[in-house]
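Structure first, commentary second.
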Number of protein chains: 6
Amino acid sequence: MPLSHLKKAGDAVFVDSYVTKAHEIVVPWDGKEVAPFSLIGAPLSKTSISHSGASFSPTVIRKMLSSYSTYAIEDDIDLKDVMVTDFGDILMHVTDLDESRNRIRNTIEELLSQHSNTIPIVLGGDHGISFPSISGFKKNKGKVGVIQFDAHHDLRNTVDGGRSNGTPFRSLIEQGIIDGENLIQIGIRNFSNSKPYSEYGHDHGVTIYTMRDVRQQGIEKIIEKSVNSLCEKVDAIYISVDMDVLDQAFAPGCPAIGPGGMDSMTLLDAISLLANEDKVQGMDIVEIDPTIDFRDMTSRIAAHIILTFLTNKQKAIV
Amino acid sequence: MPLSHLKKAGDAVFVDSYVTKAHEIVVPWDGKEVAPFSLIGAPLSKTSISHSGASFSPTVIRKMLSSYSTYAIEDDIDLKDVMVTDFGDILMHVTDLDESRNRIRNTIEELLSQHSNTIPIVLGGDHGISFPSISGFKKNKGKVGVIQFDAHHDLRNTVDGGRSNGTPFRSLIEQGIIDGENLIQIGIRNFSNSKPYSEYGHDHGVTIYTMRDVRQQGIEKIIEKSVNSLCEKVDAIYISVDMDVLDQAFAPGCPAIGPGGMDSMTLLDAISLLANEDKVQGMDIVEIDPTIDFRDMTSRIAAHIILTFLTNKQKAIV
Amino acid sequence: MPLSHLKKAGDAVFVDSYVTKAHEIVVPWDGKEVAPFSLIGAPLSKTSISHSGASFSPTVIRKMLSSYSTYAIEDDIDLKDVMVTDFGDILMHVTDLDESRNRIRNTIEELLSQHSNTIPIVLGGDHGISFPSISGFKKNKGKVGVIQFDAHHDLRNTVDGGRSNGTPFRSLIEQGIIDGENLIQIGIRNFSNSKPYSEYGHDHGVTIYTMRDVRQQGIEKIIEKSVNSLCEKVDAIYISVDMDVLDQAFAPGCPAIGPGGMDSMTLLDAISLLANEDKVQGMDIVEIDPTIDFRDMTSRIAAHIILTFLTNKQKAIV
Amino acid sequence: MPLSHLKKAGDAVFVDSYVTKAHEIVVPWDGKEVAPFSLIGAPLSKTSISHSGASFSPTVIRKMLSSYSTYAIEDDIDLKDVMVTDFGDILMHVTDLDESRNRIRNTIEELLSQHSNTIPIVLGGDHGISFPSISGFKKNKGKVGVIQFDAHHDLRNTVDGGRSNGTPFRSLIEQGIIDGENLIQIGIRNFSNSKPYSEYGHDHGVTIYTMRDVRQQGIEKIIEKSVNSLCEKVDAIYISVDMDVLDQAFAPGCPAIGPGGMDSMTLLDAISLLANEDKVQGMDIVEIDPTIDFRDMTSRIAAHIILTFLTNKQKAIV
Amino acid sequence: MPLSHLKKAGDAVFVDSYVTKAHEIVVPWDGKEVAPFSLIGAPLSKTSISHSGASFSPTVIRKMLSSYSTYAIEDDIDLKDVMVTDFGDILMHVTDLDESRNRIRNTIEELLSQHSNTIPIVLGGDHGISFPSISGFKKNKGKVGVIQFDAHHDLRNTVDGGRSNGTPFRSLIEQGIIDGENLIQIGIRNFSNSKPYSEYGHDHGVTIYTMRDVRQQGIEKIIEKSVNSLCEKVDAIYISVDMDVLDQAFAPGCPAIGPGGMDSMTLLDAISLLANEDKVQGMDIVEIDPTIDFRDMTSRIAAHIILTFLTNKQKAIV
Amino acid sequence: MPLSHLKKAGDAVFVDSYVTKAHEIVVPWDGKEVAPFSLIGAPLSKTSISHSGASFSPTVIRKMLSSYSTYAIEDDIDLKDVMVTDFGDILMHVTDLDESRNRIRNTIEELLSQHSNTIPIVLGGDHGISFPSISGFKKNKGKVGVIQFDAHHDLRNTVDGGRSNGTPFRSLIEQGIIDGENLIQIGIRNFSNSKPYSEYGHDHGVTIYTMRDVRQQGIEKIIEKSVNSLCEKVDAIYISVDMDVLDQAFAPGCPAIGPGGMDSMTLLDAISLLANEDKVQGMDIVEIDPTIDFRDMTSRIAAHIILTFLTNKQKAIV
């Protein structure tokens with residue numbers, strides 16, 4: 001048994017034989033089998049209006065998974081046998097941003113056309129990736145509804161700066177990928193949007209819950225109403241989580257931070273409730289810039305979102 | 001149209017034609033017209049007991065305004081036509097701190113004597129600036145009441161270290177600028193004050209609400225009682241916001257941070273309620289040290305305080 | 001009176017004659033008298049599974065005490081006459097971790113055998129110090145119950161990596177220092193533990209309150225139940241505060257941070273309630289790594305825990 | 001003279017009446033007169049292969065100028081009457097990188113066609129800006145030679161990632177803007193380039209001085225040879241300063257840092273010597289990312305490069 | 001060709017088809033073939049006298065290799081066909097430091113007994129790893145000489161704190177692994193050592209070159225003398241590079257930094273000269289703590305040391 | 001031997017019985033005996049033109065002494081029996097800066113009038129402290145010459161901002177404390193001074209060596225000339241070390257950093273040479289702001305300056 005104490009570079013420095021770490025259930029794709037859940041990185045953030053290192057976030061979120069275990073003690077559910085296929089990251093073009101966006105759409109579309117039952121969890125990147133990601137998702141899923149957690153509408157015009165991280169839902173509506181009535185925005189905040197874009201949303205039938213709504217009605221009720229409303233109208237629901245829906249005290253690593261946002265437990269509760277719903281079949285997590293975060297706090301919440309989502313999907317099955 | 005893509009150094013790198021950014025309504029004084037609201041920096045922090053870079057905060061708060069828009073979606077009020085005159089900063093003397101304080105008092109006094117209807121929003125600096133600021137305010141406003149958000153009494157004696165950021169309200173009372181009964185302190189915290197100064201407050205009729213009071217009674221009730229009580233007795237109310245009233249998790253950039261404080265939404269709610277009251281005619285925001293903050297979080301809250309104040313003043317008019 | 005303005009290196013740069021700072025009541029041991037409360041540092045963190053600078057935390061917590069005063073305005077209790085004996089830090093061996101642990105146990109044991117009435121407040125160090133600290137405590141106190149605030153069980157096996165910061169309560173149970181039924185864990189979190197260790201806890205009678213329990217039942221009720229339950233069975237209660245029971249937004253300086261934890265006020269409330277109980281006769285505060293904290297926020301909470309504990313012990317006497 | 005102590009927001013907090021600060025000679029363009037020197041920002045860094053915030057550097061370099069004075073004591077030259085026209089920054093498109101590059105080329109071309117005698121000092125951005133900048137420069141200046149300070153060749157192929165910050169000199173050669181023989185690279189480093197690109201340089205007649213050459217021959221001799229060689233062949237010389245030519249200890253804020261580079265005094269000496277040469281009529285300074293720098297050290301060197309250049313141009317005139 | 005733009009998580013975000021990055025020649029061991037050079041991590045830093053995260057450095061140094069290419073332009077040597085076998089890291093015990101040290105010795109010993117011609121490059125960890133590493137090396141190499149670059153003697157007694165990072169060469173001498181006369185220390189600094197340990201070195205025949213010697217004699221001459229002296233007496237030479245031999249301005253990431261040290265180019269020159277010597281058959285690089293470094297500067301120098309070593313070994317062969 | 005492993009809070013975590021740490025020879029004053037060397041902190045930095053935390057530097061420099069030993073191996077001198085009396089810090093007034101300056105002057109004057117043979121080493125604070133420090137020194141020492149290491153003249157007028165850190169040598173000359181001809185400035189830099197102040201220096205006979213002089217003539221020759229020149233004219237020489245004489249790469253913690261400065265070894269060489277001269281009887285070290293430094297590098301150099309000074313004073317005696 002020579003050289004018996006070597007471990008591969010990058011492997012954990014300590015293994016407890018009674019602990020399953022969350023990253024252990026995320027297995028690189030072998031080109032064949034695909035698990036019920038898929039992880040795909042879409043590391044595009046050159047489309048951001050402001051400077052953004054959100055392209056680093058798939059790597060950091062994966063790393064954060066290794067800080068947590070598979071066991072949800074509050075639900076007594078252990079995810080250790082739940083498998084997630086890791087498709088790695090979509091390679092972005094260095095200078096051609098349209099091409100990068102196309103690669104995202106095509107990859108999601110191809111993935112779901114070949115493996116229609118897997119639930120993709122797409123890690124941005126900035127919010128611009130939701131346009132191609134949902135476009136690819138839609139090709140395989142019929143009528144799509146979107147529940148967007150966000151401080152901002154992201155309904156900007158595409159003339160001033162092209163398709164950026166401020167425009168994804170405008171693009172989706174204008175290109176007919178989704179109907180405005182099937183878009184629900186939760187967590188919209190004061191002084192973070194302009195009146196013309198709020199009006200655009202209202203004019204196109206978008207449902208808008210502000211943070212005051214969240215505080216006054218409670219997240220449970222809002223999620224219940226949202227799910228009920230969408231389930232009648234769409235075939236599949238896609239959750240788009242812009243982490244800046246959270247207050248800056250909880251998610252310090254988003255490019256566009258501010259006060260008055262959601263706390264992380266409320267967001268995790270929302271994810272739990274949504275995951276219980278069968279029609280929820282895709283999710284992205286965007287706008288985490290690890291280069292400006294503190295101790296990867298925001299990516300840690302992203303890891304908990306993924307695990308909470310898996311736990312409740314699992315609970316729904318069990 | 002040669003050289004058509006140049007922008008002035010310092011101007012925004014991207015302009016969305018449908019968005020009004022908050023800094024756009026803050027217009028440098030042209031020496032003539034003065035808007036209903038005035039912004040004035042009082043960058044004095046050499047008077048601080050501990051090392052403080054609060055003198056940088058007027059610059060940073062102004063910059064943070066450019067991160068937010070003018071639209072309060074929750075109230076459907078757009079501030080884009082509300083004008084704020086920016087008087088710039090009061091020039092501080094490098095080594096003569098008394099002279100610096102005099103300049104603050106004289107500037108506020110002169111400003112209000114010439115433009116009696118404008119509401120001054122004074123950006124500290126440390127809390128020491130409230131003494132000259134309120135002194136100047138008082139000269140034009142008759143009997144003045146003060147609502148102070150703070151973890152600390154700031155009622156220290158002026159013998160041990162002169163007039164510092166620990167003494168403003170002691171100075172105001174002792175010089176007869178305000179009566180103790182017209183001073184209301186909200187958010188006072190355990191282990192952040194000494195018993196002799198609490199007693200001084202009680203002996204002089206100061207109303208003191210601790211954080212336990214805030215948690216038990218709720219901020220709405222406390223503000224309502226405070227406003228009712230003062231309105232009977234004074235001609236004008238001045239709000240003094242020491243940002244360390246907030247918990248360190250929400251306002252990491254104050255010199256004297258600690259646990260057990262207010263969250264930022266509660267403070268914004270208080271500002272909303274106060275702005276609705278006509279007699280509230282002045283405000284300062286102090287004790288933000290941008291050199292030790294994280295991602296200007298504390299200055300971002302200050303920007304929201306200003307915008308929330310304007311929104312509710314506007315709402316009161318409309 | 002020559003050289004009249006000199007102060008000793010390290011002394012405060014400003015003294016207000018009406019303020020007592022908290023560190024003034026913490027007096028280095030003179031080898032004789034011991035006050036009702038004792039402070040002892042146990043700066044061991046080489047036993048941590050992950051890299052940890054928790055050994056720096058006794059020094060930083062002491063320093064943070066000098067940022068706060070002795071006056072609890074909410075209870076109108078001034079601690080200025082409460083004395084705490086500072087025994088300094090237990091000297092750790094550079095490379096022999098067993099020896100370091102032995103020194104901790106022996107020191108606590110000797111201290112209490114010689115001064116049986118003093119209440120030790122032990123500053124870690126990582127959570128590994130609770131095993132020797134409680135072992136030494138137990139030698140003098142009869143049957144001991146433990147109330148552990150923690151996101152994690154810390155019930156790992158000792159085979160995989162020896163006695164680490166993941167194993168203290170396993171060691172205590174297996175060596176018969178405490179009974180599993182006399183261990184109460186509060187604040188246990190999802191994805192922060194493994195199922196086999198939760199089962200180990202249940203199998204040994206450990207009472208486990210998760211964060212969901214804390215949110216649903218309220219901390220007051222949980223503390224009340226815990227105290228009532230233990231008081232019937234044990235002679236003395238020891239509180240073990242792993243600061244990672246707090247949410248990462250509140251305690252950014254713990255090695256194992258994450259979302260979904262307790263806020264700092266809830267923890268302080270729990271400490272208040274526990275301090276009122278006579279049988280609570282020891283406490284440790286562990287898992288603060290000042291080298292990764294932000295502005296010593298986590299050590300500041302530790303200082304408030306100590307002062308809150310003293311205040312309520314004092315209140316119980318008065 | 002009321003309100004006599006106000007200063008405009010952003011103005012200096014202290015003015016010494018006997019000191020001229022360097023930023024005072026940099027005057028925003030009034031649309032008419034243009035000084036002998038022009039400052040233009042080209043804040044493009046989305047073309048970088050790796051994540052880069054070099055787009056922030058024009059703003060920071062300008063700010064650093066305000067930290068220094070106009071007086072070169074070693075040459076007894078005071079620049080206070082030397083004027084520099086500040087054209088501000090070229091507005092970059094949010095998502096269309098070709099358009100951004102075109103704007104740079106057009107702006108430089110238009111500027112020089114209208115004001116042929118001004119010497120442009122272009123502040124990047126990443127090194128990708130040198131392609132359009134030199135292209136625009138060339139349109140007005142006849143045959144152009146380039147002296148490039150750089151650890152890297154920047155002669156990458158444009159197929160793999162389009163025109164990035166690794167390709168500017170390849171693009172210039174391939175598009176016939178400059179001849180390879182008129183390109184001189186100084187400071188090229190081990191392990192920072194690939195053999196095929198060194199060969200490409202050699203095949204196209206590029207003169208390459210490695211850091212070993214700089215250490216062995218001395219910078220004076222290399223500059224002398226370079227100037228002599230180019231002056232025979234070209235009408236105008238353009239200096240392109242990639243700050244990563246400096247050792248990481250001196251320029252910690254470049255994206256691609258490493259050991260074994262130049263010290264800052266050697267680079268400043270090179271700039272002095274070059275500025276003395278009449279044919280040197282343009283310069284860019286690139287690859288400073290202020291978001292990762294330490295105390296803006298790298299931008300401070302850039303400010304000294306500009307001032308050293310002006311001083312020696314002035315000395316040449318006098 | 002579906003899903004054609006996916007890349008494995010962790011793979012490079014951009015590949016230039018004409019560039020070989022240095023990490024590409026470092027290939028994980030397949031259990032069979034071993035290349036002429038071997039990389040092995042020895043991530044032990046719990047043996048450090050002061051707090052140290054040097055255990056993270058093998059991971060970071062490997063990552064830094066991916067920032068550099070294989071081409072040494074100054075020598076026109078491309079390392080792209082030089083292979084290095086990466087044995088990964090030796091697994092350290094969480095709490096048993098003797099066991100960890102044994103694993104290091106055994107691994108090096110086994111590796112060289114099975115693959116006697118490979119040259120091990122061992123990445124610490126703190127300097128404590130040199131004791132087991134050289135012990136294992138010695139078992140296979142006959143009489144061993146050591147050239148140590150260091151600000152410190154590392155000849156401390158082992159009684160006060162056990163075998164720490166201050167004792168490796170004392171242990172080697174006292175256990176007879178090497179003779180004092182075959183130990184050469186280069187770069188020893190003022191105020192970084194104690195007289196008794198300097199005397200111990202002199203008494204045991206250790207050759208000591210201080211930084212003043214390096215400045216006065218030049219590194220070339222010192223290396224020449226050192227190599228000549230050792231080659232007569234030993235069978236194999238092992239280089240031990242404590243990065244704190246460098247001045248703090250160049251290597252900011254060592255635990256024990258200070259002024260007056262070597263610059264990085266001098267150290268790289270020394271490595272070049274040593275690599276040319278056939279008897280140099282092993283090397284370690286220690287005392288880099290990435291958690292306190294600035295932009296991994298110190299690990300970047302380590303990467304250059306490895307590449308410089310390989311280049312000159314290659315040059316010697318060619 | 002109970003409680004045998006306790007150490008006082010703040011004491012070293014490891015003691016090697018064969019090592020004397022530098023802080024061990026710095027002994028707090030007992031009110032009686034005074035050693036040949038005295039350490040006094042003058043923590044005044046509110047007089048700085050720009051924001052400065054230089055008041056923290058006496059504490060940090062003292063702490064850095066504990067990182068180094070007493071042994072100068074290059075000179076084989078062990079300082080372990082050299083005693084330094086630590087007078088602690090002069091207490092600064094919170095708001096009265098004139099009073100603070102008076103306390104500095106009076107303390108130095110009183111100290112030297114009572115203990116005329118001790119050599120004071122004064123730790124600033126900003127450079128403003130040199131005015132009162134040299135004033136107090138002068139009262140006891142007859143005619144005083146000053147050798148100032150500095151990038152700046154510090155000869156500003158006192159009208160614009162009072163007596164600040166830009167005016168000390170102007171004040172000394174104008175108040176007749178020193179003659180301009182007895183002031184020697186070494187290390188003056190381009191773009192760091194204004195022509196009027198250089199002229200003021202020349203007009204008053206100040207000797208000015210720029211950095212170019214230092215590079216061209218060498219520090220040894222400049223020091224020799226300076227010492228020779230002063231020794232003929234004055235009774236005592238005082239060294240004033242403004243750390244910003246160093247290049248920003250070596251002293252990153254000075255408020256006014258820039259490129260083109262001295263390296264730390266050159267400064268240490270200068271200190272060595274000066275200490276050998278009997279008439280050198282006082283020194284201050286100023287302008288280190290630990291709050292913006294990197295790993296206390298600049299304070300580490302200060303510690304080496306003190307130790308180098310002591311070593312060479314000792315060597316002169318021996």
Side-chain angles (χ1 to χ4, degrees), chain A residues 1-16 23 26-29 31 34 38-46 55-56 58-63 65 85-95 99-100 102-115 123 136, chain E residues 1-16 23 26-29 31 34 38-46 55-56 58-63 65 85-95 99-100 102-115 123 136:
Chain A
M1 195 70 66
L3 300 172
S4 52
H5 285 295
L6 288 173
K7 67 172 197 63
K8 258 187 58 184
D11 278 2
V13 298
F14 173 63
V15 174
D16 181 316
H23 73 282
V26 180
V27 181
W29 188 41
V34 170
S38 294
L39 204 67
I40 313 114
L44 177 63
S45 54
K46 286 190 175 178
S55 61
F56 292 106
T59 301
V60 178
I61 295 172
R62 280 188 188 92
K63 192 173 159 199
L65 284 171
T85 298
D86 188 351
F87 283 90
D89 293 339
I90 304 168
L91 200 61
M92 297 290 98
H93 193 278
V94 173
T95 54
E99 167 66 13
S100 292
N102 288 340
R103 291 181 185 176
I104 296 171
R105 192 196 53 231
N106 293 342
T107 301
I108 302 299
E109 184 182 337
E110 285 173 33
L111 168 63
L112 291 177
S113 75
Q114 293 169 30
H115 309 278
L123 308 178
Chain E
M1 196 69 69
L3 301 172
S4 52
H5 286 295
L6 288 173
K7 65 172 199 62
K8 258 187 58 185
D11 278 2
V13 297
F14 173 64
V15 173
D16 181 317
H23 73 283
V26 180
V27 182
W29 188 42
V34 170
S38 295
L39 204 67
I40 312 112
L44 176 64
S45 53
K46 286 189 174 178
S55 61
F56 292 105
T59 300
V60 178
I61 295 172
R62 280 188 188 92
K63 193 173 158 199
L65 285 171
T85 298
D86 188 351
F87 282 91
D89 293 339
I90 304 166
L91 200 60
M92 297 289 99
H93 194 278
V94 172
T95 54
E99 167 66 12
S100 292
N102 288 341
R103 291 180 185 179
I104 295 171
R105 191 195 57 231
N106 293 344
T107 300
I108 302 299
E109 181 180 339
E110 287 172 32
L111 168 63
L112 290 177
S113 75
Q114 294 169 30
H115 309 277
L123 307 178

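Note on naming: letters A, B, ... go to the chains in the order of the sequence lines (proteins, then strands), and numbering restarts at 1 for each one.
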Nearest heavy-atom pair of E/E110 and A/S4: which atoms, and what distance?
-> OE1-N, 4.3 Å
E/H5 side chain reached by A/E99 side chain, heavy atoms, under 4.5 Å | yes
Quick one: does A/L6's side chain get under 4.5 Å of E/L91's, heavy atoms only?
-> no
Flag if over 12 foreign heavy atoms under 6.0 Å of NZ, E/K63 | no
Taking A/I108, A/T107, A/I104, A/D11 one by one, which has the highest count of heavy-atom pairs under 4.5 Å against chain E?
-> A/T107
The interface call for A/D89 against chain E, heavy-atom contacts under 4.5 Å, is both
Quick one: what part of A/V13 sits under 4.5 Å from any heavy atom of chain E, side chain, backbone, both or neither?
-> backbone
Quick one: NE2 on A/H93 to CZ on E/F14, what's the gap to the nearest 0.5 Å?
-> 8.0 Å
